[in-house]
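One structure is given here, and the rest of the page talks about it.
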There are 2 protein chains.
Amino acid sequence: MTTGRRAQKMEETRAKLIRTARAAFAEKGYAAASMDELTARAGLTRGALYHHFGDKTGLLRAVIDQIDAEMVAKARAARDRAESPWLGFVAEGVAYIELALEPEIQRIVLLDGPAVLGDPSRWPGQNACLRETTETVQALIEAGIVRPVDAEAAARLINGAALDAALWVAAAAEPRAVLAKAIEAFRCLASGLLAAPPPQPPPGDHVTAIEN
Amino acid sequence: MTTGRRAQKMEETRAKLIRTARAAFAEKGYAAASMDELTARAGLTRGALYHHFGDKTGLLRAVIDQIDAEMVAKARAARDRAESPWLGFVAEGVAYIELALEPEIQRIVLLDGPAVLGDPSRWPGQNACLRETTETVQALIEAGIVRPVDAEAAARLINGAALDAALWVAAAAEPRAVLAKAIEAFRCLASGLLAAPPPQPPPGDHVTAIEN
DNA sequence: TGATTTGACATACGGCACGTATGTCGCAAT
DNA sequence: ATTGCGACATACGTGCCGTATGTCAAATCA
C-alpha cells in the first residue's frame, strides 16, 4: 500500500500551504495576510485553499495545530531532562517562556489565535500544551508534592503567566536581562504551589540559571 | 470659561462614538464590527470617525483606554478594602479575575486588544492595570512582605495568570464553580511571592470566600 | 483498454469594508 | 459683517474574502 500518487501530491500541497501561511501569518499577522498573495507565493490559488481548509480560519487552525505539537514536544523534552518531578514542572514552565520568545509563536499562537478562534481551551483536538501541563500538575498533586488544588486551574494560571511573561520579554528593549527577571519571578510564583515550601534564599541571592 | 458650545458638542459626539464602538466591539468582535454600521447606529457617518480617531485602531485605542481606567478604579477599590497590604494585593488579583469575566473586557481588552495593538505594556499612556499592580508589588517588597524579585516581572506574571484564568472561567460550562477553583489556585500561586510562607492548611480545607 | 466518474484545483463574480479626497455648513474671531 | 477654520458628510477607489462554476488528470470499472 504505497499511499497512492494522488494522495501523496495532495499532502504535499497541504503542507506547502501550511508552511507558506505560517510564514505569512508570522510576519504580516493574520488579518493583514492576504490569501491571494499567500497562495500565489505557494504556487497555487485560493481555490486550493478553500478546498482543503474551508476558509481562512481553517488554515489558521491547521497552522496552530502544527506549532502546538512542536511546542509540546519541546516542553516535554525540557521536563524529562530535569532531575526531579518538581524541577521538571518548573523546567516545563520556563520552556514555555522561552518558546514564546519566537515571533512566530507570539504572533500566531498567543495573539491572533485567541482573537480569531477564541479561548485556547476550546480549540478542538489541541491545546495540547494545556493538557500536558495539567497532567504534570495532577501527577505532582497525587505524589503529594503540590498542594491539592484543581490541576486544570493551576495549569491555566501557570501557562497564562508564562506566556504573558514571554510577551513582555519579547517586547522589551533588553530581552536577555528581562528574561532572567521573568524566569526568577516565575520560579517564585510556582513555588507557591508546593506542599512543603522550599528553603527561602536570603535577599540578594539571585538565581542565575538562565541557560537551558 | 464655559468650555464653549462648540467643544462641548464635539466631546459629546466623541463619547457617543466610543460608547457605540464599545458595544459593537464587545458583541461582534473588532474585526467583524463594521464602521459604517457602527457610526450609523450612533447617528453619524464614517467622516466623524476618521476625523476624531484617525483610523479604526484609533477608535479601539480610545475604547480600551476607557475600559482600562474603569478596571484600575475597581481593582484599587478592592485592594483598599482589604485589611492588610498583602491581602490587598491578593484582592487586587482576584478582582482582575472577576472583572475579566465580563464579555466586554474579555473580547476587547484581552483578545482583540493585544492582537490589533500588540503587547499591552507598549500601549502608550495606558496599561494602567499593569502599572497599578507593579506599584503594589514594589511597595510589598520594600515592606519586606514579598521576596525581592523584580516588581514589574512579578506584576506581569500575576496579571497574566489572572487574566488568562478569567478567560478560562468565562468559557467554562459552569462559571461559578470554575471561578472558585481559579481563585483558590491563584491564592496558592501568589503565596509563592511571600517572604515568609503562610501556614499551610491541611488537604481538603478549601477556601470558600467567593463573594467579593 | 476505453468510457466514465470523481475530485483536486483554477477562474470568474459579487459584495462588503476600509481609507482618502473633497465638499458643506456653522461657529467664532476680527 | 466678513472671513477663516474646523467638525462632519458625501463620494470614490481599492483590496480582499467567500462562493459558484469550470477544467483536467487520475482512479474505477466494464
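Order of the sequence lines fixes the chain letters, A, B, ..., with proteins taken first and strands second; residue numbering starts at 1 for each chain.
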Most 5' of B:Gly43 and A:Ser34 on DNA chain D, judged by nearest nucleotide: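 The residue whose closest nucleotide sits nearer the 5' end is B:Gly43.
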
Do B:Arg41 and B:Asp36 sit within salt-bridge range, that is, some charged N less than 4.0 Å from a carboxylate O?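 So B:Arg41 does not pair with B:Asp36 through a salt bridge.
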
Please determine if A:Arg107 and A:Glu27 form a salt bridge, counting it only when a charged side-chain N lies under 4.0 Å from a carboxylate O.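 No.
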
Tell me the interatomic distance from [X], atom [atom1], to [N], atom [atom2], rounded to whole angstroms.
| X | N | atom1 | atom2 | result |
| --- | --- | --- | --- | --- |
| B:Asp36 | D:dA11 | CG | P | 13 Å |
| A:Lys16 | C:dA8 | NZ | P | 16 Å |
| A:Arg14 | C:dC9 | CZ | P | 10 Å |
| B:Glu11 | D:dC8 | CD | C1' | 15 Å |
| B:Met10 | C:dG26 | CE | P | 19 Å |
| B:Phe53 | D:dC8 | CZ | C1' | 13 Å |
| B:Met35 | D:dA11 | CE | P | 20 Å |
| A:Tyr50 | C:dG7 | OH | P | 22 Å |

Any side-chain heavy-atom pair of B:Lys181 and A:Glu152 under 4.5 Å: no

Would you kindly compare B:Arg46 and A:His51 by the position of their nearest DNA chain C nucleotide and give the one closer to the 5′ end? A:His51

Tell me what [X] touches on the nucleic acid: a base, only sugar-phosphate, or nothing, going by heavy atoms under 4.0 Å.
| X | value |
| --- | --- |
| A:Ala31 | nothing |
| B:Ala32 | nothing |
| B:Thr45 | base |

Look at the side-chain N and O atoms of B:Thr13 and state whether any lies under 4.0 Å from the OP1 or OP2 oxygen of D:dC8. yes

Ignoring the backbone of B:Asp55, work out which of D:dA7, C:dG19, C:dC9 is nearest its side chain. C:dG19

Atom CZ of B:Arg14: over 12 foreign heavy atoms under 6.0 Å: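 Yes.
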
Take atom NZ of A:Lys16 as the centre, draw a 6.0 Å sphere, and report whether it contains more than 12 heavy atoms from other residues, nucleotides or ligands. yes

